[in-house]
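Please read these numbers as outputs of a predicted model, since none were measured by experiment. Sequence lines set the chain letters: A, B, ... in the order given, protein chains first and strands last, and positions in each chain run from 1.
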Amino acid sequence: MQEPQPQPADQPAAGAIDTLRRFETPEGVEIALRLAGPVPRALAFAIDFAIRAGLYLLLLPLAGLAGVGVGLLLLALFLLEWLYPVLFELRSGATPGKRAMGLLVVHADGTPVGPSASLLRNLLRAADFLPVLYGLGLAAMLADRDFRRLGDLAAGTLVIHRDAPPLPAALPVHPPLPPPAPLDLATQQAVLAFAERSRTLSPARQAELAALAGLTTAPGADPVAALLGIANWISRGNTADAAAPLPAHADVEDPAQAP
Amino acid sequence: MTISARPRSPWESMDLGFALARTWLGRLWLCWWLAAAPVALLSLPVLHQRPDLWLLLLWWCKPAFEAVTLFWLSRAVFGEQPGLGATARSLPQALPPRLWPQLLWRRIGMGRSFSMPVTLLEAPRGAARRQRLQVLGTGAAGWLTLVCVHLEAILWLSGVLLLAFLVPAGLPAPDLQAAFTETGSAPYWAANLLVVLAMSVVAPFYVAAGFALYLGRRTELEAWDLELAFRRRHAAPRGPRARAIAAAMLLTALLLPGTGAAAAMTPAEAKARIEAILAQPDFGGTREERVWVYVGDDSASSADDDGATALPAWLIQGLATLAKWVLVIATAWALIVLTLHLLREFGGPRRRGRRPTSTGPPGPVAQTSAPAEPLPANVPAAVHELLAARDVRGALGLLYRAQVAQLRARGLELADSATESECLRAARARTEPQALTRLERTVRLWQAVAYGHQPVDTDSVAALTRASDSASADDGHG
């Protein structure tokens with residue numbers, strides 16, 4: 001028997017490869033964390049490194065003083081090297097470099113990172129740095145399915161994309177049209193997404209996609225208009241689903257049916 | 001379709017590419033070597049004197065190696081995963097002639113990871129290719145190349161240093177300087193091999209990230225994900241036979257091992273097997289617990305302890321006496337407090353009952369429900385007397401009682417404990433409006449005096465009395 005492809009356990013049933021980690025809150029709300037991979041994280045590190053290098057350059061004149069100056073310089077070096085990330089992560093969840101790249105450090109359950117986790121993941125930079133320039137951390141990141149380096153594994157943290165995906169644009173207003181046949185969930189979502197994104201598509205491409213969808217109600221009708229009409233129809237809460245709606249769902253949507 | 005297509009930012013597209021490469025790292029790595037190994041081995045006899053040139057050749061040919069990786073990846077993304085042999089057979093397809101420009105004048109360029117999918121998979125030519133790339137735009141492909149070069153360098157340096165660190169202390173230390181400078185030396189060859197290894201490890205991630213960038217760009221510009229969704233919907237109803245076959249295969253795969261095993265076993269065998277499985281340590285077993293058990297007084301050791309921590313006998317005696325008297329006094333005090341409390345509790349109601357009669361005005365309870373005070377025969381006269389004596393409260397109380405008595409006389413069931421509002425509510429149901437308004441006004445005034453302690457002028461009470469006179473006169477007539 002062939003071994004199935006290694007798939008993350010908490011992926012949706014389709015098993016599609018994705019960088020989302022989904023959690024369901026006790027209220028039944030599903031949240032998805034968008035994991036950040038090595039490329040944005042490496043660039044964020046480079047920005048942070050440049051900032052720290054600039055600070056070191058500013059502090060360099062201290063060395064001109066006698067022993068006290070060197071001592072102060074060493075102290076500043078120690079504090080900057082070890083506490084720079086912790087300070088920023090506790091303040092806003094991200095160092096300036098991470099913020100510039102739109103990244104955020106969170107606990108594995110999506111809550112803001114706390115002092116112990118932040119300290120742990122940053123103290124373990126020493127382990128990630130081995131043998132040179134984060135070689136071990138890079139290897140761990142490439143091998144782990146959540147792109148965690150050793151510090152993240154130990155502290156139970158994730159680095160995710162902070163910036164929210166752009167809100168879906170409002171549907172173009174169109175007289176609602178019921179679809180010619182019941183649609184499954186994926187098609188309903190695709191029709192809605194088509195309506196939301198239709199403004200970013202060229203008219204030719206819109207016509208092409210609409211013809212491909214093949215959801216015209218009457219022969220000779222404009223397929224794009226038909227698709228937009230169906231999207232408006234679905235967005236008003238009409239279920240075009242082939243399967244019967246869940247009873248609980250019906251209760252929520254139609255209070256008149258509730259006893 | 002093995003990836004979830006949705007609009008993503010370029011950075012997220014790259015992350016998706018890294019996730020793809022991680023999922024199929026072994027296969028993609030082998031695909032890279034499928035093209036790289038022949039080049040590396042065939043060039044060795046010529047270049048065995050010059051490992052630097054050998055490395056340059058391999059580096060220069062990277063687009064060709066990556067083309068094979070991309071070929072396999074582009075099929076795997078759509079659910080078809082050709083084996084190594086099948087990939088080797090389709091090498092001519094994976095390395096078409098239009099790859100040559102990539103290996104010649106387009107070799108130096110930062111956007112290779114992004115332009116390769118366009119060139120190889122879409123295969124536009126000349127001006128069409130240029131225009132297509134212009135439309136798609138390379139986006140963040142340059143950053144990807146920059147980062148991946150550094151990742152390669154880090155992996156290579158880490159490998160070299162790791163090997164150097166892990167050489168045991170007894171052996172001669174590896175010559176790190178030779179590894180970087182002395183062309184042709186053994187350490188140099190080792191370092192070169194590590195470079196190729198690092199290239200081969202990073203290449204799948206680089207190719208997959210570039211491919212994901214390309215897919216992300218097409219999703220953004222052409223709603224490629226929607227096209228897929230619509231096509232899938234279109235295909236699903238048209239292929240009932242394919243679906244049936246797939247479902248049947250799935251079912252057979254699902255059912256065959258189970259039914260076969262069940263048919264081959266008698267209940268006794270099954271029971272034996274169940275018991276064998278239940279006997280495994282996963283299902284229960286032994287548990288070790290540690291508890292303290294009293295084993296008797298060890299007099300020798302306790303004597304030793306006493307000797308070790310002995311206090312002066314007089315001190316112990318004194319402390320014990322002190323503790324005893326503290327306990328006795330505390331007990332006596334507690335007894336006294338308890339007795340006083342009980343006395344107060346039992347004596348309480350009597351004292352509380354006496355206090356209002358002696359200090360305050362008569363309470364409403366005593367007024368309305370006292371059966372000891374009978375109503376005077378002529379209520380209006382009594383009220384006028386009380387008013388003349390400036391006892392408004394007494395007058396109102398008397399009026400109210402008289403009206404309640406009237407209500408009772410008319411057959412209204414009123415409990416002794418009924419409040420004014422309850423009387424009013426009961427009266428509302430049974431009484432004619434005129435008598436009701438009088439009762440209402442009486443109650444309002446009575447409540448204002450008795451509970452609100454508000455001053456009420458005697459005239460309004462006198463008016464009530466007149467109304468009462470007429471009402472009683474009506475009663476008399478009726």
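Across all their heavy atoms, B:S158 and A:G135 have their closest contact at OG-CA, 3.2 Å. Summarising the geometry of A:R205 relative to B:E222, their closest heavy-atom pair is NE-O, 2.7 Å, with the distance given to 0.1 Å. Considering every non-hydrogen atom in both B:D15 and A:L35, the closest pair reads OD2-O, 3.3 Å. Smallest separation of non-hydrogen atoms from B:R22 and A:D144: CD-O, 3.4 Å. Considering every non-hydrogen atom in both B:F165 and A:P131, the closest pair reads CE1-CB, 4.0 Å. The minimum heavy-atom distance between B:F230 and A:V191, with the atom names listed, is CE2-CG2, 4.1 Å.
Counting heavy atoms from C-beta outward, B:D225 and A:R197 have side chains that approach closer than 4.5 Å. Between B:W11 and A:L43 the shortest side-chain heavy-atom distance falls below 4.5 Å.
Few gaps surround NE2 on A:H107; more than 12 heavy atoms of other groups in view lie less than 6.0 Å from it. Atom CD of B:Q134 is surrounded by 12 or fewer heavy atoms from other residues, nucleotides or ligands within 6.0 Å. The environment of B:R132 atom CZ is dense: over 12 non-hydrogen atoms of other residues, nucleotides or ligands sit within 6.0 angstrom. Counting heavy-atom neighbours within 6.0 Å of B:E122 CD, excluding the residue itself, gives a total above 12. Counting heavy atoms of neighbouring residues, nucleotides and ligands inside a 6.0 Å radius, atom CZ of B:F78 exceeds 12 of them. Heavy atoms of other residues, nucleotides or ligands lying less than 6.0 angstrom from CZ of A:R99 number 12 at most.
Atom CZ in B:R6 sits 4.5 Å away from atom CG in A:D18 (nearest 0.5 Å). The distance from atom CG of B:L226 to atom CG of A:L209, rounded to the nearest 0.5 Å, is 6.5 Å. If you take CZ on B:F205 and CE on A:M141, they are separated by 11.5 Å, rounding to the nearest 0.5 Å. To the nearest 0.5 Å, atoms CG (B:L16) and OG1 (A:T19) are separated by 6.0 Å.
Contacts between A:L133 and chain B at a heavy-atom distance below 4.5 Å involve backbone atoms as well as side-chain atoms. Both the backbone and the side chain of A:A36 come within contact range of chain B, with heavy atoms under 4.5 Å apart. With a 4.5 angstrom heavy-atom cutoff, B:L25 does not touch chain A via any of its atoms. Residue contact with chain B, scored on non-hydrogen atoms closer than 4.5 Å, involves the side chain of A:L227 exclusively. Contacts of A:A143 with chain B are made by backbone atoms alone, with heavy-atom separations under 4.5 Å and no side-chain atom involved.
Across B:M14, B:R8, B:E220, B:E227, the residue that shares the most heavy-atom pairs under 4.5 angstrom with chain A is B:E227. Highest contact tally toward chain A, considering only B:A209, B:P7, B:A5, B:S9, is held by B:P7 [criterion: heavy-atom pairs under 4.5 Å]. Options A:L138, A:L136, A:L130 differ in how many heavy-atom pairs under 4.5 Å they form with chain B, and the most are formed by A:L138.
Under the rule for a ring pair (Phe, Tyr, Trp, His ring centres under 6.0 Å), the partners of A:F129 that lie at least two apart in sequence or sit in another chain are A:Y134.
Contacts classified as side-chain hydrogen bond (donor to acceptor under 3.5 Å, both in side chains) and involving residues 43-54 of chain A (residues at least two apart or in different chains) are given here: A:D48-A:Y84, A:D48-A:T95, A:R52-A:E81.
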